Amino acid sequence: MIKELIEEKEWLEAFPVLNELRTDLNKSKYIGFLQSMREEGYKLFAIYVNEKAVAVTGIAIRTNFYYGKHVFVYDLVTQFSQRSKGYGEQLLSYIHQYAIQNGCGIVALESGLFREEAHRFYETKMGYEKFCYSFKKVL
């Protein structure tokens with residue numbers, strides 16, 4: 001079952017899964033960021049198995065000059081012990097439909113250079129194309 005997580009209790013259920021990707025977060029920082037991010041349009045979705053979150057994705061609808069109106073996937077993670085069961089594919093497919101239903105023509109995401117297994121998943125299994133580099137400068 002995929003559901004949007006809208007209450008703090010649900011966010012806390014998803015924290016152990018998301019924390020596998022965002023290892024620098026503690027619960028307090030996670031909740032604080034999540035409250036601010038939700039004000040900016042961020043939505044968190046999870047797959048539940050036996051009433052436990054096993055895979056999580058965080059998205060927002062954005063508009064810019066190069067994608068137009070699109071869904072940006074900020075986070076996508078499946079609990080390590082639950083990987084290779086199709087949960088990532090289910091979540092991304094759900095987000096693809098969500099994007100279409102909300103008038104978006106593109107789903108975009110970024111993935112760390114070292115995450116080669118994730119890149120294979122995005123490109124081979126999900127049909128994403130690698131087309132640019134993303135840069136940052138820490139201030």
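Computed from a predicted structure; not experimentally measured.
- The shortest heavy-atom contact between Tyr30 and Trp11 is OH-O, 2.6 Å.
- Ile61 and Leu76 fall within a single hydrophobic cluster, where Ile, Leu, Val, Met, Phe, Trp and Tyr are joined by side-chain heavy atoms under 4.5 Å apart, directly or via other members.
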When you look at Val107 and Phe72, which way does the side chain to side chain contact (heavy atoms under 4.5 Å, CB included) test go after all the steps? CA-CA 6 Å; Val107 174; Phe72 193 86; over 6 Å; no
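- Separation of atoms OH (Tyr66) and SG (Cys132) is listed at 7.5 Å; rounding is to 0.5 Å.
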Before giving the answer on side chain to side chain contact (heavy atoms under 4.5 Å, CB included), spell out for Glu110 and Arg115 the whole-Å C-alpha distance, their side-chain angles and the decisive distance to 0.1 Å. CA-CA 10 Å; Glu110 295 175 348; Arg115 300 197 50 185; over 6 Å; no
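- Ile95 is not listed as a side-chain neighbour of Gln97, based on a closest heavy-atom distance of 4.5 Å or more.
- Distance CD/Glu89 to OG1/Thr78: 11.0 Å, rounded to 0.5 Å.
- Annotation for Ala14 and Val56: closest pair CB-CG2, 3.8 Å, computed over non-hydrogen atoms.
- Under the 4.5 Å side-chain heavy-atom criterion for ILVMFWY residues, no single connected hydrophobic cluster contains both Leu18 and Val73.
- Side-chain contact between Asn64 and His70 is present, with heavy atoms from C-beta onward closer than 4.5 Å.
- No side-chain heavy atom of Lys69 sits less than 4.5 Å from a side-chain heavy atom of Arg62.
- Ionic pairing of Glu10 and Lys3 is present here: one or more N-O contacts between side-chain nitrogen and carboxylate oxygen are shorter than 4.0 angstrom.
- To the nearest 0.5 Å, atom CG of residue Asp24 and atom CZ of residue Arg22 are 8.0 Å apart.
- In this structure, Asn26 contributes its side chain and Ser28 its backbone to a donor-acceptor pair below 3.5 Å.
- In this structure, the side chains of Tyr94 and Ile47 stay at 4.5 Å or more apart for every pair of heavy atoms.
- Taking CZ of Arg38 as the start and CG of Leu44 as the end, the distance is 8.0 Å to the nearest 0.5 Å.
- Placement of Ile106 and Leu109 in two distinct hydrophobic clusters is found when ILVMFWY residues are connected by side-chain heavy-atom separations under 4.5 Å, directly or transitively.
- Nearest heavy-atom pair across Val71 and Ala99 is CG2-CB, 3.6 Å.
- In this structure, a donor-acceptor pair under 3.5 Å is present between the side chains of Asp75 and Tyr42.
- Residues Tyr98 and Phe45 bring their aromatic ring centres within 6.0 Å.
- Follow the hydrophobic side-chain contacts under 4.5 Å out from Val77 and you reach Leu25 in the same cluster.
- Considering every non-hydrogen atom in both Met126 and Leu92, the closest pair reads CE-CB, 3.6 Å.
- In this model, a donor atom of one side chain and an acceptor atom of the other lie less than 3.5 Å apart for Tyr48 and Glu13.
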Apply side chain to side chain contact (heavy atoms under 4.5 Å, CB included) to residues Gln35 and Glu8 and explain how you reach the verdict. CA-CA 9 Å; Gln35 288 169 334; Glu8 188 169 320; 3.9 Å; yes
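- In this pair, His96 and Tyr128 present their aromatic rings tilted. The plane angle is within the 30 to 60° band.
- Within 6.0 Å of CD on Glu4 lie more than 12 heavy atoms contributed by other residues, nucleotides or ligands.
- Taking CD of Glu123 as the start and NZ of Lys130 as the end, the distance is 4.5 Å to the nearest 0.5 Å.
- The shortest heavy-atom contact between Pro16 and Leu12 is CD-O, 3.4 Å.
- One finds the CD1 atom of Ile2 at 8.0 Å from the OG atom of Ser93 (value rounded to the nearest 0.5 Å).
- Note on Leu21: it does not cluster hydrophobically with Tyr122, by side-chain heavy-atom contacts below 4.5 Å among ILVMFWY residues.
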